[in-house]
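Below, chain A is the first sequence line, B the second, and so on; all start at residue 1.
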Amino acid sequence: MDPTPLKIGTQAFRSRLFVGTGKYASFEAMRNCLEASGCEVVTVAIRRERLIDSQNRNLLDYIDTKRYTILPNTAGCFNAEDAVRVARLGRDILEQLENPGAQWVKLEVLNDKKTLLPEPIGTLQATETLIKDGFNVLVYTSDDPPTARRLKEAGAASVMPAGSPIGSGQGILNPNNLRILLEMLKDGDPEYPVIIDAGVGTASDVTIAMELGADGVLLNTGIALANEPVSMAQAMRRAIEAGYLAFRAGRIPKKLYATASSPLDGAV
Amino acid sequence: MISMRIEINGEDLQLDEPATVATLIRKRSPRPPFAVEVNKRLVRRPEYTTQKLNDGDRVEIVTLVGGG
């Protein structure tokens, strides 16, 4: 279906959908949703070790680490220093798993717990530090084009602008900003990967992101908290393919007045 | 006999003999994979037996959990 793989750093993926592993009703539900979504990259968080769950299970019992590239995030970090610490902890864990995600981090430096909006100065500082430390940084940011440009120039492997606030389900709130952002980052560098991260509520949001020319979409809550998460995962899989194909096919221009599809000549 | 207090994952822990990160991991036996930090510095696996713990040290043992 998709002959062009998505390339990020040294890795290439057939699926352009990245799916998070949080908020599912059960580990089984998560596993089934990842499968149904067709994703090849899954995000995880780093947290204090607890004594597993009551049935002695943990997340990794339900993620095939040979199949999925694990993208560790720095969610919950509100300054550059903490985000760098968490990225290093994640790398240490993924190296033990021999997972290709060991060199990756989904960098989030957030402003506050209420908005979870990205804090641009700390985000840029952490990006610079982690790149010097050898990471491939996939960086979460707002839809502000100049901030995205600075992050790309700092060496981010991918810039990941939000469609709307994390977990809000509001979809793509400012398509004009994303258009400008994509134009800016892809100017003279059309393969540079831009992934829309956060805010997706339903399948059409994914399609809209891809129709704008994004290279992929990262989402979690939209699947995990749907009434039927596996069905939503299937919908997201189709939505990303639909949007990808539609963008490449090239849409017709919008016009104010009608243009008949059937010949006007010969009408009785 | 020495006595020291450290903090591990935000909880106080009293230790009555000299300890390294390796000692602490044997006591607590976290399920692999995990990573360890002492006073905000990553301690890599080869350092577990040599990284001594001192009074007031803050230790974090972390693992992967679900997240977006």
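Put simply, the side chain of Ile63(A) does not reach to within 4.5 Å of the side chain of Leu64(B), judged on heavy atoms. The shortest distance between side-chain heavy atoms of Val86(A) and Val62(B) does not fall below 4.5 Å.
Atoms CD and NZ, on Glu81(A) and Lys40(B) in that order, are 4.5 Å from each other to the nearest 0.5 Å. Note that OG1 of Thr63(B) and CG of Leu60(A) are 6.5 Å apart. Values are rounded to the nearest 0.5 Å.
Judged by distance alone, the side chain of Lys23(A) and the main-chain N or O of Gly66(B) form no donor-acceptor pair under 3.5 Å.
The residue among Val43(B), Asn9(B), Leu42(B) with the most heavy atom pairs within less than 4.5 Å of chain A is Asn9(B). With respect to chain B, the highest number of heavy-atom pairs below 4.5 Å among Val42(A), Thr43(A), Asn220(A) belongs to Thr43(A).
Using a 4.5 Å cut-off between heavy atoms, Leu97(A) touches chain B through its side chain atoms alone.
With respect to Arg31(B) and Glu49(A), no salt bridge is recorded, no charged nitrogen being found less than 4.0 Å from a carboxylate O. Checked for salt-bridge contact, Arg44(B) and Glu95(A) meet the test: a charged N lies under 4.0 Å from a carboxylate O.
Other residues, nucleotides and ligands contribute more than 12 heavy atoms inside 6.0 Å of the CZ atom of Arg5(B). Surrounding CD of Glu228(A) are at most 12 heavy atoms belonging to other residues, nucleotides or ligands under 6.0 Å away. The local environment of CD in Glu98(A) is sparse, with at most 12 non-hydrogen atoms from other residues, nucleotides or ligands closer than 6.0 Å.
Scanning both residues, Asp92(A) and Phe34(B), for their nearest heavy atoms gives OD2-O, 4.1 Å. Among all heavy-atom pairs drawn from Ala35(B) and Leu89(A), the shortest one is CB-O, 3.5 Å.
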